[in-house]
A.B. asks: 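Take this structure first; my questions come after.
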Amino acid sequence: MTSITSIAKRKFLLKKLLKTIQRNEAQIIDALYKDFKKPAFETVITETSYVVSDLKHTISNINSWSKPKRIWPSLLNIPSSDFIYSEPYGRVLLIAPWNYPFQLAMCPMIAAVAAGNTVVLKPSELTFHTSQIITKIVEEVFDVKEVVVVNGGAAFTQSLLEKRWDYIFFTGSVPVGKIVAQAAAKYLTPITLELGGKNPCIIDENANLEVAAKRIVWSKFVNAGQTCIAPDYILVQGKEKYNLVELLKKEITRAYGENPEESKDFARIINPKNWKRLSEMIEPSKVLFGGIINEKDNYLSPTLIDEPSLSSEVMKDEIFGPILPIISYHDEKDLDKIILSFEKPLSLYVYSNDKDFAERMLTNYSFGGGCVNDCMIHFANKRLPFGGVGNSGMGAYHGKLGFDTFSHKKSIVKKPNWGDNNLRFAPYKNKLKYLKKILSWL
Ligand code: NAD
């Protein structure tokens with residue numbers, strides 16, 4: 001079976017999935033805690049409730065999304081009835097990352113099934129417990145011909161990529177995204193790549209620093225900083241740097257206590273490899289706050305880094321952990337120099353009460369999506385496309401856009417057997433001047 005043609009069947013499966021996820025919420029929370037001590041509150045807000053809301057939204061809209069959409073005919077074709085049909089691509093391969101292991105496996109799967117595709121879902125091997133509960137839920141809801149979960153690491157994923165698929169949807173790192181794109185090229189398979197990047201967070205002299213500090217601290221340290229759209233580094237107007245740093249320190253302590261290692265609200269780094277990678281980014285002489293590590297538990301405290309050089313380890317690549325470099329700028333030329341020295345990021349954030357400045361930041365730079373006076377919350381609006389540009393990815397999803405991503409849009413023109421304008425038919429002798437006249441009206 002390559003597609004689930006009946007809309008009623010798709011709806012039935014999604015409703016069953018909704019009930020099964022709701023029934024298993026405690027086990028999902030437990031699995032994420034076992035994988036990297038993700039706090040229950042964070043699992044509910046960023047994983048289970050997000051998926052549940054996505055499912056409800058999809059179930060309520062699937063009928064209208066999947067209906068052939070009638071559109072105005074072209075004057076050249078009149079009389080005709082014109083439509084866009086949404087056709088499932090067929091067999092979809094979904095490859096998911098570990099950082100939001102439930103949500104980033106489930107949401108693309110929901111969109112793919114809603115659009116009528118069959119799915120092979122490959123969750124991350126780094127979140128063993130979450131992958132197990134995902135497997136259990138999918139087995140309970142779907143026939144193996146509809147959706148199947150397959151588990152394995154890099155070599156196994158590469159063997160999957162050698163096969164022929166009708167669509168590949170990948171969420172993960174830039175280097176693996178390139179492997180996926182190369183494999184897809186062999187069969188000209190369409191792909192979506194949801195990747196990462198170095199997301200700037202700009203704070204100008206007109207920003208409300210207290211509000212900024214509170215929102216930045218949550219966005220940077222939720223999931224222990226392992227979020228593709230987290231602010232990667234701060235660019236603060238030099239005059240405001242001291243005040244901002246003091247407010248960030250105060251907010252970190254308010255949120256996670258004097259010793260965040262004891263806080264139940266702060267997750268751990270996913271594995272020793274990533275813990276080591278992050279620990280090596282911390283140059284002790286540059287630490288403004290935090291910098292405490294504990295190898296036993298893959299713990300790394302919320303850390304602020306002072307003015308790292310662009311060639312330092314922490315600025316070379318996406319950080320993807322609870323380390324926040326703070327770099328001061330003098331004018332907009334400095335911003336250009338720094339932001340444009342990196343590939344196009346997945347997100348950009350600007351904190352300012354100066355609307356013109358904020359607008360310039362939004363339009364001067366190319367990035368996936370972003371916010372003014374907040375971070376990350378664009379993700380929560382299902383009516384906004386979510387995806388990167390350039391090195392941070394290609395394609396987008398969420399809400400109806402997810403359904404559209406997994407559908408081929410077929411253009412259909414239906415003609416009655418009458419009403420032909422003989423102009424288009426050969427022989428064309430003496431017809432050109434009439435054709436030109438008609439074309440000039442269009
Ligand atoms: P990753 O690229 O290492 O792994 C993602 C998936 O690819 C996993 O399922 C893994 O098994 C597989 N994989 C790993 N190495 C492979 C290889 N050599 N060949 C084939 N498959 C391979 O990414 P990750 O570490 O799981 O996730 C972190 C990255 O994902 C970050 O860069 C982050 O920015 C990005 N990310 C992006 C989004 C987004 O929506 N744009 C969301 C979350 C994470």
Side-chain angles (χ1 to χ4, degrees), residues 35-36 38 46-47 50 54 93-109 111 120-128 130-131 134-135 149-163 165 168-184 191-199 220 222-232 269-275 277-278 316-321 342-348 367-370 376 378-380 384-398 401-402 405:
D35 282 331
F36 59 109
K38 181 153 174 161
T46 66
E47 311 255 7
Y50 191 89
D54 194 33
L93 174 63
L94 297 181
I95 304 172
W98 56 264
N99 65 323
Y100 287 83
F102 188 70
Q103 186 228 117
L104 294 174
M106 285 291 152
C107 289
M109 183 191 89
V120 171
L121 167 60
K122 213 296 287 172
S124 173
E125 68 281 20
L126 301 188
T127 41
F128 171 77
T130 310
S131 299
I134 289 174
T135 309
V149 180
V150 292
N151 285 294
F156 174 68
T157 312
Q158 286 186 10
S159 72
L160 289 174
L161 286 168
E162 278 166 22
K163 299 187 193 316
W165 302 93
I168 302 175
F169 187 103
F170 171 79
T171 307
S173 61
V174 173
V176 182
K178 289 180 182 174
I179 295 174
V180 172
Q182 272 175 1
I191 52 175
T192 296
L193 298 177
E194 295 280 344
L195 311 176
K198 246 181 138 43
N199 308 322
K220 179 68 188 185
V222 67
N223 220 41
Q226 301 163 113
T227 305
C228 56
I229 49 172
D232 188 275
I269 306 306
I270 186 67
N271 63 4
K273 188 176 159 206
N274 272 289
W275 177 86
R277 176 184 68 80
L278 289 162
K316 268 190 192 152
D317 222 333
E318 178 188 21
I319 297 171
F320 220 58
F342 297 107
E343 295 282 355
K344 294 177 181 180
L346 185 58
S347 308
L348 179 145
F367 53 94
M376 307 215 300
H378 57 302
F379 190 88
L384 290 174
F386 182 75
V389 57
N391 241 51
S392 56
M394 59 176 80
Y397 71 127
H398 281 189
L401 218 102
T405 289

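Since we're looking at a predicted model, the values are computed, not measured. Remember, it's 1-based here, ligands and their atoms both numbered in the order they're listed. Computed from heavy atoms alone, side chains included, the values below leave out hydrogens, waters and symmetry copies.
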A.B. asks: Under a 4.5 Å cut-off applied to non-hydrogen side-chain atoms, are Tyr50 and Phe379 in contact?
C.D. replies: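 Yes, at least one pair of side-chain atoms sits under 4.5 Å.
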A.B. asks: Tell me: protein heavy atom nearest atom 7 (O) of ligand 1, and distance?
C.D. replies: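 Protein heavy atom with the smallest distance to atom 7 (O) of ligand 1: Phe170 CE1, 3.4 Å.
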A.B. asks: Looking at atom 31 (C) of ligand 1, what's its closest protein heavy atom, distance included?
C.D. replies: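 Checking every protein heavy atom, the shortest distance to atom 31 (C) of ligand 1 gives Glu318 OE1, 3.5 Å.
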A.B. asks: Considering only protein heavy atoms, which is closest to atom 1 (P) of ligand 1, and at what distance to one decimal place?
C.D. replies: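 Of every protein heavy atom, Ser173 OG, 3.6 Å lies nearest to atom 1 (P) of ligand 1.
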A.B. asks: Compute the shortest N/O to N/O distance between Glu125 and ligand 1 and return yes if it is under 3.5 Å, no if not.
C.D. replies: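 Yes, there is a polar N/O contact under 3.5 Å.
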A.B. asks: As an exercise, identify every atom of ligand 1 less than 4.0 angstrom from a heavy atom of Leu346.
C.D. replies: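 Per the distance check, 41 (N).
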A.B. asks: Show which atoms of ligand 1 fall inside a sub-4.0 Å distance from at least one heavy-atom site of Phe320.
C.D. replies: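 It comes down to these atoms of ligand 1: 28 (C), 31 (C), 33 (C), 34 (O).
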A.B. asks: So which heavy atom in the protein is nearest atom 9 (O) of ligand 1, and how far is it from that ligand atom?
C.D. replies: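 Its nearest protein heavy-atom neighbour is Ala96 O, 2.7 Å.
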A.B. asks: Does atom 4 (O) of ligand 1 have any protein heavy atom closer than 4.0 Å?
C.D. replies: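 Under 4.0 Å from atom 4 (O) of ligand 1, zero protein heavy atoms found.
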A.B. asks: Show which atoms of ligand 1 fall inside a sub-4.0 Å distance from at least one heavy-atom site of Lys122.
C.D. replies: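 So the answer, numbered in order with elements, is 8 (C), 9 (O), 10 (C), 11 (O).
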A.B. asks: Check whether the ring centres of Phe170 and Trp165 lie less than 6.0 Å apart, and answer yes or no.
C.D. replies: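 No: the rings miss the under 6.0 Å criterion.
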A.B. asks: Flag the pair Glu47 and Lys38 as a salt bridge only when some basic side-chain nitrogen lies within less than 4.0 angstrom of an acidic carboxylate oxygen.
C.D. replies: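 Salt bridge present between Glu47 and Lys38.
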A.B. asks: Provide the number and element of each atom of ligand 1 under 4.0 Å from a heavy atom of Cys228.
C.D. replies: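 Listed by number with element, the hits are 33 (C), 34 (O), 36 (N), 37 (C), 38 (C), 39 (C), 40 (O), 42 (C), 43 (C), 44 (C).
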A.B. asks: With heavy atoms of Glu194 as the reference, note each atom of ligand 1 found under 4.0 Å away.
C.D. replies: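 Reading through ligand 1 atom by atom, the close ones are 37 (C), 38 (C), 39 (C), 40 (O), 41 (N).
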A.B. asks: What protein heavy atom lies closest to atom 40 (O) of ligand 1? Include the residue and the distance to one decimal.
C.D. replies: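 It is Phe386 CE2, 3.2 Å.
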A.B. asks: Within the 4.0 Å heavy-atom shell around Ile95, which atoms of ligand 1 are there?
C.D. replies: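 Answer, ordered by atom number: 6 (C), 7 (O), 9 (O).
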A.B. asks: Rounded to the nearest 0.5 Å, what separation is found between the NE2 atom of His398 and the CG atom of Leu401?
C.D. replies: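 Answer for the NE2-CG pair, His398 versus Leu401, is 9.5 Å.
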A.B. asks: Using the salt bridge (Lys or Arg N to Asp or Glu O under 4.0 Å) criterion, which residues pair with Lys316? Sequence neighbours excluded.
C.D. replies: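 So Lys316 forms a salt bridge (Lys or Arg N to Asp or Glu O under 4.0 Å) with Glu313.
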A.B. asks: Polar contacts were defined as any N/O atom of the residue lying under 3.5 Å from an N/O atom of the ligand; does this apply to Ile179 and ligand 1?
C.D. replies: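 Min N/O separation from ligand 1 is not below 3.5 Å for Ile179.
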A.B. asks: Suppose I only count heavy atoms of Thr171 and a 4.0 Å limit; which atoms of ligand 1 are within that range?
C.D. replies: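 So the answer, numbered in order with elements, is 5 (C), 37 (C), 38 (C), 39 (C), 40 (O), 42 (C), 43 (C).
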A.B. asks: What protein heavy atom lies closest to atom 22 (C) of ligand 1? Include the residue and the distance to one decimal.
C.D. replies: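 Answer for atom 22 (C) of ligand 1: Val176 CG1, 3.4 Å.
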A.B. asks: Tell me: protein heavy atom nearest atom 27 (O) of ligand 1, and distance?
C.D. replies: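 Going atom by atom, the protein heavy atom closest to atom 27 (O) of ligand 1 ends up being Pro97 CB, 3.5 Å.
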A.B. asks: For Asn99, is at least one N or O under 3.5 Å away from an N or O on ligand 1?
C.D. replies: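 N/O-N/O distance below 3.5 Å does not exist for this pair.
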A.B. asks: So, do Tyr397 and Phe169 have ring centers that fall under 6.0 Å from each other?
C.D. replies: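 Centroid separation for Tyr397 and Phe169: below 6.0 Å.
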A.B. asks: To check your reading of the model: name the closest protein heavy atom to atom 18 (N) of ligand 1, its residue, and the distance in Å.
C.D. replies: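 That would be Gln158 NE2, 3.3 Å.
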A.B. asks: Heavy-atom contacts with Trp98 under 4.0 Å: which atoms of ligand 1 show up? List them by number with element.
C.D. replies: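 Under 4.0 Å from Trp98, ligand 1 has these atoms: 24 (P), 25 (O), 26 (O), 27 (O).
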